[in-house]
Amino acid sequence: MALAGRFSRLARRGVSAWPTLGQLWTFLGIFLPALAALLVPMPSVDLTYHLRAGAAILAGAGIPDVDTWTFTVAGTPWLDQQWGAQVVLAAVFQVTGWTGLAILRAALVAFTFALLLGAVRSAWSIASVRAGGSAVASSARSATLVVLAFFAVAAPALALRPQLFAIVLFAVTLRILVERSRHPRRLWLIPAMAALWANLHGSFPLVVVLVGLAWLDEVALMRVPTPAGHPRLPLPRRLLGSTGVALIAAFSALATLLNPFGIDAWRYIESLARDPAITSEISEWRPPAPLDPAGFVFYLSLLVVVGVLVFRFRSDQGRPPARFFAPIVTVVVFGILGIATGRGLAWWAIAAPVAMVQLQPGLRLADLQRVRGLPPLRARTAREASASEGRRSPLNAIVIGVLAAAAIALLPLWRPVGPAGVPVAVVSYAPQGIAQKLAGLVDRRVLPRGAQVWAPQIWGSFLEWAAPEVRVGIDSRIELFPPPVLADADEIAGAAPGWLSTLEVRHVLALVVAAGPEGARQVTELQAGSGWTKVYEDEDGSIWLRPS
């Protein structure tokens, strides 16, 4: 009898060790984005030039202030505002290689969506309290599904580059602001993060935008009646809340000046936003196209959020309560930012789900049924949701284990290494064979050290890193290149009339041509008695040497 009781206690203890369904949903909301980050190659278009710059800073050369990598704009002043992220990337790479960079990217993505998941759940809970507890109950499943839906919107912007660090800081700031009533002291972390942000990526003005939206929310809440059963704060306490957030915004703006460039960092951001060459030459700076996959997903999410907003107005006869003012402004501000530029998709994907759930008290089931004429249904209470997601099962542990094993299998550690030392399928826009051949041509003195090489712009960053003995014509730092250089780049890429003469004028010694349709016209003219000699070819493209 005692033995049977012991086995019964052990069995109960074993069952209690399995993850709950709610824990599984939370795990999926955090781990699936990280798994996708391991599955998709890291674009080298920006990453590799950041690795080179960071390595130079770590070696004691200081923050670069002029260009020394290209032959078209050599000596041009370069305000390297993203130097802090470059140091982090280079340090991780020097210690752990490409596997470390892949893990870093997955960790940053996981941290971002863990923060977003927490912000969504907190916003849902706070919105329900403000609505008097009449809103549909939140759950781990519903919050995870919202987060994963917006991960699909953000995915194109989650490459490993300085912006990814900024996305994490954006999510941290948003989480602190959402939970400011519960943890007011955390607000003082925001100025410190603003100073860090100003040394990592040029999106740092967004910290002031986020705190400004929180201040609007505080001002609007002064007009909101206190829900039944909750003590009403006296007017001085409510004024202190809005004043405190305003002070945080002011301190955050001042903190962004704590960088090596001071106010010039703000001027740099302004010049980027106003530079027509950047907005026209770089695809991610252009407005997202509705027929592109990324643009389609964004506009679909925008329609969903606007639909929630429209229903909010219908539920309140066109006059939503003051507590919805800040979420509405958030949708408008970040929706316009997403429409204006592809770079805005990341910020929209983090801010929009929080704003949407803050509007969710308008989605009470009774109101929804009244508008749509649905039969009466009963919303699941918080207690029922908690009981459903509290069930434990070994299947939950199996799912977690399988996904963790898949993540380990995707690490670059297990992949063969290419000619330039990069594991296969870990980095995109990385012609490893071409880079190795260029370095070999310099080693054998076929090309002199510092030889001027023209290559496609999307490969410029990788070639600068993998074959630093040569100098390319153009790379990813589009803001450095004046219109004549960009015009020459378009002329050469399109094999326009006179493009071979442009190569002569630019004193180009080696030409890199991409394989496929984009390089077909160039190859045709090079083969038609131009005098250029092909010295290398692989699946990525070919290398041609100038006539002696």
Side-chain angles (χ1 to χ4, degrees), residues 29 112-131 135-136 138 142-154 157 167 169-182 190 203 206-221 224 245 249 297-316 318-340 344-364 367-368:
T112 297
F113 287 92
L115 290 165
L116 180 58
L117 186 61
V120 165
R121 298 205 67 175
S122 294
W124 213 319
S125 173
I126 293 169
S128 179
V129 170
R130 291 180 180 179
V136 178
S138 172
S142 56
T144 293
L145 291 176
V146 168
V147 167
L148 290 180
F150 280 90
F151 164 71
V153 181
I167 290 172
L169 292 176
F170 186 91
V172 173
T173 305
L174 187 64
R175 176 78 176 268
I176 291 173
L177 292 172
V178 167
E179 298 176 348
R180 66 185 183 277
S181 61
R182 299 174 178 175
I190 295 179
S203 58
L206 289 176
V207 69
V208 182
V209 174
L210 286 176
V211 182
L213 290 170
W215 176 79
L216 287 177
D217 191 39
E218 288 289 340
V219 172
L221 287 176
V224 175
V245 175
V297 174
F298 162 68
Y299 285 110
L300 181 62
S301 72
L302 185 62
L303 287 175
V304 171
V305 176
V306 170
V308 173
L309 188 58
V310 169
F311 187 82
R312 172 74 267 164
F313 275 84
R314 291 191 63 182
S315 297
D316 295 297
R319 297 184 62 185
R323 67 178 182 270
F324 296 114
F325 181 65
I328 291 171
V329 175
T330 299
V331 170
V332 172
V333 169
F334 288 99
I336 292 174
L337 187 60
I339 293 172
L345 299 189
W347 320 119
W348 162 261
I350 306 299
V354 174
M356 186 176 71
V357 301
Q358 287 173 332
L359 292 167
Q360 62 88 23
L363 296 180
R364 289 174 293 186
D367 292 339
L368 183 64

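Any value given below was found using the heavy atoms of this structure, including those in side chains, with hydrogens, waters and symmetry copies removed.
- Contact record, V354 with A119: CG2-CB, 4.0 Å, taken as the closest heavy-atom pair.
- Between the CG atom of L174 and the OG1 atom of T112 there is a distance of 11.5 Å, given to the nearest 0.5 Å.
- Between T330 and A351, the shortest heavy-atom contact is CG2-CB, 4.1 Å.
- We find the CD1-CH2 distance between I336 and W348 to be 10.5 Å, quoted to the nearest 0.5 Å.
- Side-chain atoms of Y299 and I339, non-hydrogen and from C-beta on, do get closer than 4.5 Å to each other.
- Residue R175 holds its CZ atom at 9.5 Å from CG of L116, rounded to the nearest 0.5 Å.
- Of all heavy-atom pairs between P327 and Q358, the closest is CG-OE1, 3.4 Å.
- Between D217 and L177 there is no side-chain heavy-atom pair separated by less than 4.5 Å.
- Ring-plane geometry between F170 and W347 is classed as tilted, the angle between the planes lying from 30 to 60 degrees on a 0 to 90 degree scale.
- Atom CG of L302 is separated from atom CZ of F334 by 14.0 Å, given to the nearest 0.5 angstrom.
- In this structure, L169 and V207 have side chains that are not in contact, with every pair of non-hydrogen atoms separated by 4.5 Å or more.
- Remark: S122 OG to I176 CD1 distance equals 12.0 Å, nearest 0.5 Å.
- Counting all heavy atoms, side chain and backbone alike, P353 lies closest to V120 at CB-CG2, 4.2 Å.
- Between I167 and A346 the shortest heavy-atom distance is CD1-CB, 3.7 Å.
- Side chain of S301 to main chain of F298: a donor-acceptor pair is present (N/O by atom type, distance under 3.5 Å, no hydrogens or angles).
- One distance of note links CD1 of I328 with CG of L359; it measures 6.0 Å at 0.5 Å rounding.
- When all heavy atoms of G29 and F113 are compared, the closest pair comes out as O-CB, 3.9 Å.
- Side-chain contact between R121 and V357 is absent, with no heavy-atom pair separated by less than 4.5 Å.
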